[in-house]
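Below, chain A is the first sequence line, B the second, and so on; all start at residue 1. Side chains are part of it too, since the values below use all heavy atoms of this structure and drop only hydrogens, waters and symmetry mates.
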Protein chains: 2
Amino acid sequence: MKKTILIFGMLILALLLLFQFSKYAVISGSLKVELIVAVIAIVFFFIGVFINKKSLKPNQTESAEINHNKIKDLEISSREYEVLLHISEGLSNKEIGEKLFLSESTIKTHVSNLFLKLNAKRRTQAVQIAKACKII
Amino acid sequence: MKKTILIFGMLILALLLLFQFSKYAVISGSLKVELIVAVIAIVFFFIGVFINKKSLKPNQTESAEINHNKIKDLEISSREYEVLLHISEGLSNKEIGEKLFLSESTIKTHVSNLFLKLNAKRRTQAVQIAKACKII
DNA sequence: CACCAAGTCATACTAAAGTACCAAAGCACT
DNA sequence: AGTGCTTTGGTACTTTAGTATGACTTGGTG
């Protein structure tokens with residue numbers, strides 16, 4: 001956030017300088033009007049491209065970015081989250097247990113708790129909800 | 001594609017007009033230099049935003065496109081595909097049956113055939129494989 | 001017409017998944 | 001030292017899911 005403010009501040013400063021310079025140049029007649037207009041056009045064009053890229057980046061990565069706050073909101077513990085990830089990989093409770101060196105009953109407990117927190121009735125539904133919440 | 005060319009043609013035309021107008025206005029002194037510079041800056045800024053948006057759109061939708069050829073390769077029938085979509089939504093066999101006005105046993109048959117074709121053992125795994133294949 | 005693939009449905013069974021309830025160890029915090 | 005939370009694990013039970021097999025219908029194709 002601080003970086004953004006700094007960059008925008010610098011941008012505005014540069015623009016003011018450009019503005020003043022163009023006015024001075026026109027009045028003094030040291031430069032052609034076309035050239036100044038062209039420079040301003042190009043500069044603002046790239047500013048437009050730049051700002052748009054900045055504002056679109058979150059949209060692009062949003063689908064792939066994990067919403068950590070949502071996980072906390074749902075009160076999902078770290079162990080439960082691990083289990084959730086393995087569920088989304090298509091593993092069975094037994095397989096998850098073997099991967100995490102836990103018994104199947106422990107996994108079942110975690111899964112049941114996950115369903116309560118995600119408001120799901122099936123593991124497929126849990127995966128769907130988790131993806132909709134951008135948790136996985 | 002034709003649309004894009006048309007739009008860009010119009011844009012260039014509009015810019016030339018703006019350019020000529022600004023030159024004329026400055027020479028005749030009917031408008032202040034600041035105003036013209038500001039207008040040009042704003043116009044080019046929005047052009048930058050617009051072009052950037054256009055060029056970024058394909059990148060955004062690329063990841064969501066469905067590979068129809070893959071479905072045919074796997075010999076997945078249309079009914080089976082319907083069932084697959086509902087599985088990915090987190091529905092149970094009974095719920096899918098109710099949605100498609102079919103009995104639960106029919107859904108089970110489709111699901112079993114899907115698992116053979118997708119080489120899956122569980123519905124969660126089937127969803128994961130289908131997503132990896134860009135089928136859903 | 002005969003044949004085939006797709007779709008439908010049923011029964012019977014096994015294997016997972018999921019629920020409910022309990023219990024205990026470990027930890028951080030006060 | 002007590003409290004609350006997570007993590008772990010168990011038993012017992014119900015519900016889905018998944019497999020295997022067979023049967024019937026239908027629309028298109030050789």
Side-chain angles (χ1 to χ4, degrees), chain A residues 66-133 135-136, chain B residues 66-133 135-136:
Chain A
I66 290 166
N67 190 341
H68 295 283
N69 295 327
K70 189 75 185 174
I71 298 174
K72 282 178 192 164
D73 280 3
L74 293 170
E75 294 177 311
I76 293 174
S77 71
S78 59
R79 222 30 168 172
E80 285 163 358
Y81 186 67
E82 271 185 283
V83 173
L84 178 60
L85 289 179
H86 284 116
I87 288 176
S88 76
E89 288 166 11
L91 300 182
S92 69
N93 290 335
K94 190 188 272 183
E95 286 168 339
I96 297 171
E98 284 164 5
K99 273 217 170 187
L100 301 178
F101 304 104
L102 297 175
S103 80
E104 197 187 334
S105 21
T106 307
I107 306 299
K108 281 190 177 186
T109 311
H110 288 319
V111 170
S112 278
N113 289 331
L114 266 172
F115 289 174
L116 287 174
K117 291 170 183 179
L118 286 172
N119 200 25
K121 280 164 191 157
R122 275 167 293 284
R123 43 179 56 216
T124 44
Q125 199 182 4
V127 170
Q128 190 258 313
I129 292 170
K131 288 210 166 135
C133 294
I135 280 178
I136 55 174
Chain B
I66 290 166
N67 190 343
H68 295 283
N69 295 327
K70 189 75 185 173
I71 298 173
K72 284 178 190 165
D73 281 2
L74 294 171
E75 294 177 309
I76 293 173
S77 72
S78 58
R79 223 27 169 173
E80 285 163 358
Y81 185 67
E82 271 185 282
V83 173
L84 178 59
L85 289 179
H86 284 115
I87 288 176
S88 76
E89 287 165 11
L91 300 182
S92 69
N93 290 335
K94 190 187 269 181
E95 286 168 339
I96 296 171
E98 284 164 4
K99 274 218 168 186
L100 300 179
F101 303 107
L102 296 175
S103 80
E104 195 186 337
S105 23
T106 307
I107 306 299
K108 281 189 178 186
T109 311
H110 289 318
V111 170
S112 279
N113 290 331
L114 266 173
F115 289 176
L116 288 175
K117 291 170 183 177
L118 285 172
N119 200 26
K121 279 165 192 158
R122 276 165 294 283
R123 42 179 58 218
T124 44
Q125 199 182 3
V127 171
Q128 190 257 314
I129 291 170
K131 288 210 167 137
C133 293
I135 279 178
I136 54 175

Base, sugar-phosphate alone, or nothing: which one does [X] contact when heavy atoms must sit under 4.0 Å apart?
X      : value
A:S92  : sugar-phosphate
B:S105 : base
B:S112 : base
B:S78  : sugar-phosphate

Compute the angle between the rotation axes at the two ends of the helix from C:dC1-D:dG30 to C:dT30-D:dA1, each taken over five pairs, rounded to 10 degrees.
-> 40°
If you compare every side-chain N and O of [X] against the phosphate oxygens of [N] (OP1, OP2), does one of them come in below 4.0 Å?
X      : N      : answer
A:H110 : D:dT8  : yes
A:N93  : C:dA17 : yes
A:T109 : D:dT7  : no
B:R123 : D:dG18 : yes

Judged by nearest nucleotide, the residue sitting upstream toward the 5' end of DNA chain C, B:F101 or B:T124, is B:F101
Atom CZ of A:R79 and atom C1' of D:dT8 are separated, to the nearest Å, by 9 Å
Using a 4.5 Å cut-off on heavy atoms from C-beta on, say whether the side chain of B:R79 contacts that of B:T106.
-> no
In terms of side-chain geometry, is the basic nitrogen of B:E95 or A:K121 positioned less than 4.0 Å from the acidic oxygen of its partner?
-> no
